[in-house]
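Every heavy atom of this structure was used, including side-chain atoms; hydrogens, water molecules and symmetry mates were not.
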Amino acid sequence: MRVLIKVGGTLLDEAATRERISAELARAVRGGARMVVVHGGGRQMTRYLAERGIESRFVNGLRVTTPEVLDAVLKVFAGTVNRQFVAALNAAGARAVGLSGIDALLVEAEPLAEELGAVGRVVSSDGRLLETLAEAGYLPVVACVAGDRRGNLYNVNADQMAVACAAGFRAERLFFLTDVEGVRDAAGRPLRRLDWAGAERLIREGIATGGMQAKLDAAGEALRRGVGEVVIAPGAEPGVIARLLAGEPVGSRLVA
């Protein structure tokens with residue numbers, strides 16, 4: 001079974017949670033899952049910029065990426081966050097390999113909008129490197145930075161990076177590990193299962209907004225690109241990865 005797991009940066013900010021998730025991922029790989037991990041790091045990025053007196057500006061939820069912010073993106077996403085995660089995974093027994101979309105043109109991007117600076121829109125993905133590593137028993141860990149064939153670099157939304165990698169890797173399942181329980185309805189009740197029509201309705205009626213809307217949009221794109229199912233699940237819950245792989249009803253499951 002091919003699985004892609006996107007781990008939210010909030011879950012990687014504390015060493016204890018990072019180590020617990022790493023141990024769960026390592027057990028899954030030892031159990032035979034062919035897996036790729038994509039991670040974010042927005043909280044760490046905001047803190048890094050603030051410490052240096054650089055204001056974080058957002059347009060439609062995307063961080064405006066000036067040249068100095070792009071430099072920070074490389075240092076934080078592809079540097080500190082990725083290296084700490086890889087180290088924790090290796091300590092847990094996984095053979096983790098830190099990557100970004102730049103490596104082997106794994107994910108190519110183009111400018112999304114002039115007002116956003118170096119924020120990228122994914123235009124293609126090539127999963128051959130991920131397949132080679134996963135087949136050999138390694139665990140690819142991908143930071144949300146992409147490039148193009150002219151040497152330009154882009155800050156890419158981590159959910160969209162996860163979808164691109166899932167499509168390139170031909171993943172059968174995509175799990176978003178977040179800091180919330182899952183998708184909720186208008187009354188605040190968690191939804192265990194919904195199809196894309198139901199997800200669209202939540203967005204249209206203003207029930208799913210902000211980060212959850214972004215995840216639902218990404219989930220819809222993943223389903224359209226051939227991923228069999230997408231689950232938005234609470235990454236802070238111990239044992240969540242084993243439960244997801246076993247098909248237990250945890251979080252919110254979206255199907256085509």
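- Considering CD1 of Ile241 and CG of Leu245, their distance stands at 7.5 Å, rounded to 0.5 Å.
- No donor-acceptor pair under 3.5 Å is formed between the side chain of Asn90 and the backbone N or O of Ala87.
- Note that CG of Asn82 is 10.0 Å distant from SG of Cys144, once rounded to the nearest 0.5 Å.
- By the rule that hydrophobic residues join a cluster once side-chain heavy atoms approach within less than 4.5 Å of another member, Ile203 and Leu254 end up as members of one cluster.
- Linking Ile, Leu, Val, Met, Phe, Trp and Tyr residues whenever their side-chain heavy atoms come within less than 4.5 Å leaves Leu25 and Phe176 in two separate clusters.
- Side-chain N or O atoms of Asn155 include none that pairs as donor or acceptor with a backbone N or O of Ala118 at under 3.5 Å.
- Within the structure, side chain to side chain donor-acceptor pair (under 3.5 Å) pairs that include any residue of residues 156-179 comprise Lys6-Asp159, Glu131-Arg170, Asp159-Lys215, Arg173-Glu229 (at least two apart or interchain).
- Every residue meeting the side-chain contact (heavy atoms from CB on, under 4.5 Å) condition with Arg193, not counting sequence neighbours, appears here in chain and number order: Arg253, Val255.
- Side-chain contact check for Val29 versus Leu89: every heavy-atom pair is 4.5 Å or farther apart.
- Looking only at side-chain heavy atoms (C-beta outward), Asp13 and Gln84 stay at 4.5 Å or farther from each other.
- Side-chain atoms of Val69 and Thr66, non-hydrogen and from C-beta on, do get closer than 4.5 Å to each other.
- Remark: Glu181 engages Arg184, Arg192 in a salt bridge (charged side-chain N to carboxylate O under 4.0 Å, His left out) (not counting sequence neighbours).
- The side-chain heavy atoms of Ile207 and Asp185, taken from C-beta on, include no pair separated by under 4.5 Å.
- Applying the salt bridge (charged side-chain N to carboxylate O under 4.0 Å, His left out) rule to pairs touching residues 27-36 yields Arg34-Glu135, sequence neighbours excluded.
- No single ILVMFWY cluster, assembled from side-chain heavy atoms under 4.5 Å apart, contains both Leu112 and Val107.
- The side-chain heavy atoms of Leu191 and Leu202, taken from C-beta on, include a pair separated by under 4.5 Å.
- Under the 4.5 Å side-chain criterion, counting only non-hydrogen atoms from C-beta, Tyr48 is not in contact with Val81.
- Here salt bridge (charged side-chain N to carboxylate O under 4.0 Å, His left out) pairs that include residues 52-72, with residues two or more places apart or in two chains, are Asp71-Lys75.
- The salt bridge (charged side-chain N to carboxylate O under 4.0 Å, His left out) pairs that include a residue from residues 114-125 are Glu110-Arg121, where partners are two or more places apart or lie in different chains.
- A distance of 5.0 Å separates CG in Asp217 from CH2 in Trp196, rounded to the nearest 0.5 Å.
- Taken to the nearest 0.5 Å, the CG atom of Leu11 stands 11.5 Å off from the CZ atom of Arg18.
- Glu237 is linked by a salt bridge (charged side-chain N to carboxylate O under 4.0 Å, His left out) to Arg243, counting only residues two or more places apart in sequence or in another chain.
- For Glu14, there are no salt bridge (charged side-chain N to carboxylate O under 4.0 Å, His left out) partners at least two apart in sequence or on another chain.
- The side-chain contact (heavy atoms from CB on, under 4.5 Å) test applied to Ala197 returns Asp195, not counting sequence neighbours.
- Between Ala222 and Leu174 the shortest heavy-atom distance is CB-CD2, 3.7 Å.
- Val76 and Leu99 fall into different hydrophobic clusters, defined by Ile, Leu, Val, Met, Phe, Trp and Tyr side-chain heavy atoms under 4.5 Å apart, directly or through other members.
- Considering only heavy atoms from C-beta on, Ile232 comes within 4.5 Å of Leu216 through its side chain.
- For Asn152, the side-chain contact (heavy atoms from CB on, under 4.5 Å) criterion is met by Asp148, Arg150, Tyr154, not counting sequence neighbours.
- When all heavy atoms are compared, the tightest approach of Ala158 to Gly40 is CB-CA, 3.9 Å.
- By the side-chain contact (heavy atoms from CB on, under 4.5 Å) test, Arg128 is found to be paired with Asp126, residues two or more places apart in sequence or in another chain being considered.
- For residues 199-210, no pair satisfies salt bridge (charged side-chain N to carboxylate O under 4.0 Å, His left out), with sequence neighbours left out.
- Minimum heavy-atom separation, Leu4 to Ala166: CD1-N, 3.5 Å.
- Within the 4.5 Å cutoff, side-chain heavy atoms of Leu74 are placed close to those of Val145.
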